[in-house]
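To start, the structure itself, in structure tokens.
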Number of protein chains: 2
Amino acid sequence: MPDRPTDLQRVILDATRNLLARNGYTNLSMRKIAKKIGYSATTIYLHFENKDALFHALIDEGMHRLYESLYSVHTQYSDAPVERLRALCRQYIQFGLDEPEYYEVMFMLHPEHMERYPAAKYRRARRNLDLFAQALEDGVTEGVMAVQNSRVAASSTWAALHGTVTLLIAQRVDARIDHEAFITAAIDQALYGLLPRTHADPAVPKT
Amino acid sequence: MPDRPTDLQRVILDATRNLLARNGYTNLSMRKIAKKIGYSATTIYLHFENKDALFHALIDEGMHRLYESLYSVHTQYSDAPVERLRALCRQYIQFGLDEPEYYEVMFMLHPEHMERYPAAKYRRARRNLDLFAQALEDGVTEGVMAVQNSRVAASSTWAALHGTVTLLIAQRVDARIDHEAFITAAIDQALYGLLPRTHADPAVPKT
DNA sequence: TCACAGTAGTTAACAGTGTTAACTTACGAA
DNA sequence: TTCGTAAGTTAACACTGTTAACTACTGTGA
């Protein structure tokens, strides 16, 4: 798991991502990866400690890609927090739908697999959340958003987006519902939930 | 997959759920289930077509349990849509956290597994969403909520809850964030996003 | 009472999995 | 030319889901 993968590591990662996209997670095996790249299965173990380490490398790459696409949104809307947040939400969902194979490895693998994901890498993953938190803080500063704790609000916003992406990827959304309408509704609901409610507010009791 | 499981089916289902809760999905095998109940592995195939069918039966049970707990909330708050919706959200998340083994099988297994999930059973699963849609429609009728399409809004609300549960189960929420605060923030954000915004509204541009 | 059918279970086997140990082969330096 | 190292291999182990073939038991009809 070096910062810059070697040539064969690069080939292995690409083949894995390819098979993942084509045949899904359950149909992926070390032997199939090996066959695809024309090496024996054990060769992979010379370049990655085990299957988990291979996945972790993919997660790392995915987090980096996600960050780059979110960061470009971040800079593009640097002076408009609400629009920026909306664009960040859109981009996040789009990333999940454009690269489901990355998204699955990054966020949908079962907990048992993920537990071994090294803490150091979590830091890189957290940068993505920071972009959301930043937008929220800027929004609060400008008075166009109202949140108590930007980290918590960033996490709950992320949860809404994550739920949206996973339901779409897993095809659990009612077939009669238009995907675009669903996505727009999810983003709107999350955003409206963050706007300030200035006046005597409707009966939303605290429980 | 009969409506009422036979005795041994019942024993198998309970053992499976138990092992699932204790050791997780990746450590579950037909042979381990068999060992736990004191039969040979092939015996399970006399009572369930295959591993997927066994999971489908668990999903079915889980959907039923979820419905029962949501329905009790539904009747309890029959005349207060906003409070009802808030309670439904709480109950949904609580179900996921109380019975993660059910929740994982129901909503977190990989798409490839789920595709074979028979369409007829989806109908039973959809009843859960209907309770959310009902609360939204009642809220709109009473003028305390504002949504364009109750099925879409129910789905996006579900997405937010689903994201919240899965991130918690998979332990992907930043360790420094209090779970209760996270859950409350997620529910509040979803609910506030459904309330009517009566006055000339802040700059939330349509994109 | 005896033969038979059906039920509920078994063992043995197949093809596939992640992973390791032991072996080979090629190459560059002393 | 020898030696060490790097990069690959094959064979094997202990698993996995699943099937085929077999056994034991139970109840029924003649």
Side-chain angles (χ1 to χ4, degrees), chain A residues 1-2 4-20 22-59 101 104-105 109-118, chain B residues 1-2 4-20 22-59 101 104-105 109-118:
Chain A
M1 43 181 110
R4 273 294 180 89
T6 65
D7 285 3
L8 195 45
Q9 276 179 329
R10 179 76 269 139
V11 170
I12 293 169
L13 286 171
D14 289 341
T16 305
R17 200 161 44 83
N18 215 289
L19 286 172
L20 223 43
R22 211 187 305 276
N23 308 329
Y25 171 76
T26 41
N27 283 58
L28 184 73
S29 79
M30 300 299 256
R31 285 173 174 84
K32 284 178 185 167
I33 299 170
K35 190 168 186 179
K36 188 175 174 69
I37 62 174
Y39 285 83
S40 78
T42 51
T43 295
I44 300 175
Y45 288 87
L46 300 175
H47 300 274
F48 294 95
E49 198 190 339
N50 51 27
K51 202 184 183 187
D52 276 1
L54 177 51
F55 282 153
H56 289 167
L58 274 181
I59 292 175
E101 72 277 17
E104 281 198 41
V105 182
L109 282 198
H110 282 77
E112 303 101 75
H113 277 269
M114 288 300 89
E115 245 160 5
R116 297 187 230 163
Y117 188 59
Chain B
M1 42 182 113
R4 272 295 180 89
T6 65
D7 285 4
L8 194 46
Q9 276 179 330
R10 180 74 268 139
V11 170
I12 293 170
L13 285 172
D14 288 342
T16 305
R17 199 161 44 83
N18 215 288
L19 285 172
L20 223 42
R22 211 188 304 278
N23 308 329
Y25 172 76
T26 42
N27 282 57
L28 184 73
S29 79
M30 299 299 257
R31 285 173 173 84
K32 283 178 186 166
I33 299 171
K35 190 168 186 180
K36 188 176 175 69
I37 63 173
Y39 285 83
S40 78
T42 52
T43 296
I44 300 175
Y45 288 87
L46 300 174
H47 300 273
F48 294 95
E49 197 190 338
N50 51 29
K51 201 183 184 187
D52 275 1
L54 177 52
F55 281 154
H56 289 166
L58 274 182
I59 291 174
E101 72 278 15
E104 280 198 42
V105 182
L109 282 198
H110 281 78
E112 303 102 76
H113 277 269
M114 290 300 88
E115 245 160 3
R116 297 186 231 165
Y117 188 58

> Testing L8(A), L46(A), I44(A) for side-chain contact (heavy atoms from CB on, under 4.5 Å) with Y39(A), which one passes?
Replying inline: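 With Y39(A) as partner, side-chain contact (heavy atoms from CB on, under 4.5 Å) holds for just one option, L8(A).
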
> Hey, which of T16(B), L20(B), L54(B) is the one that makes side-chain contact (heavy atoms from CB on, under 4.5 Å) with V105(B)?
Replying inline: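 Exactly one pass, corresponding to L20(B).
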
>> Pick the closest DNA chain D nucleotide for K51(B) and for S40(A) by heavy atoms, then say which residue is nearer the 5' end.
In response: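 First, find each residue's nearest nucleotide; the 5'-ward one identifies S40(A).
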
>> In the structure I gave you, are the side-chain heavy atoms of L109(A) and Y25(A) within less than 4.5 Å of one another anywhere?
In response: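 Yes, their side chains come closer than 4.5 Å.
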
Looking across every strand, which nucleic acid part, if any, lies under 4.0 Å from [X] by heavy atom: base, sugar-phosphate, or nothing?
X: I44(A); value: nothing
X: S29(B); value: sugar-phosphate
X: L28(B); value: sugar-phosphate

Which whole-number value in Å describes the distance from [X] [atom1] to [N] [atom2]?
X: E49(B); N: dG17(D); atom1: CD; atom2: P; answer: 16 Å
X: L8(B); N: dG9(C); atom1: CG; atom2: C1'; answer: 10 Å
X: D7(B); N: dT7(C); atom1: CG; atom2: C1'; answer: 15 Å
X: I33(B); N: dT18(D); atom1: CD1; atom2: C1'; answer: 14 Å
X: N27(A); N: dT16(D); atom1: CG; atom2: C1'; answer: 14 Å
X: M30(A); N: dT20(C); atom1: CE; atom2: P; answer: 10 Å
X: L54(A); N: dG18(C); atom1: CG; atom2: C1'; answer: 12 Å
X: L46(B); N: dT23(D); atom1: CG; atom2: C1'; answer: 13 Å

>> Looking at R31(B) and dG17(D), is any side-chain donor or acceptor paired with a base atom of the opposite kind under 3.5 Å?
In response: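 Per atom types, the contact qualifies.
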
>> Taking donor-acceptor contacts at under 3.5 Å, does the side chain of T42(B) reach the base of dT19(D)?
In response: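 Side chain to base: no pair present.
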
>> For I12(A) versus F48(A), what's the shortest heavy-atom pair and its separation?
In response: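 Heavy atoms of I12(A) and F48(A) come nearest at CG2-CE1, 3.8 Å.
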
When you check the phosphate oxygens OP1 and OP2 of [N], does a side-chain N or O of [X] lie under 4.0 Å from one of them?
X: Y39(B); N: dG9(C); answer: yes
X: T43(A); N: dG8(D); answer: no
X: H47(A); N: dA7(D); answer: no

> If you measure from CG on D14(B) to CZ on R17(B), what distance do you get to the nearest 0.5 Å?
Replying inline: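 Between D14(B) CG and R17(B) CZ, I get 5.0 Å after rounding to 0.5 Å.
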
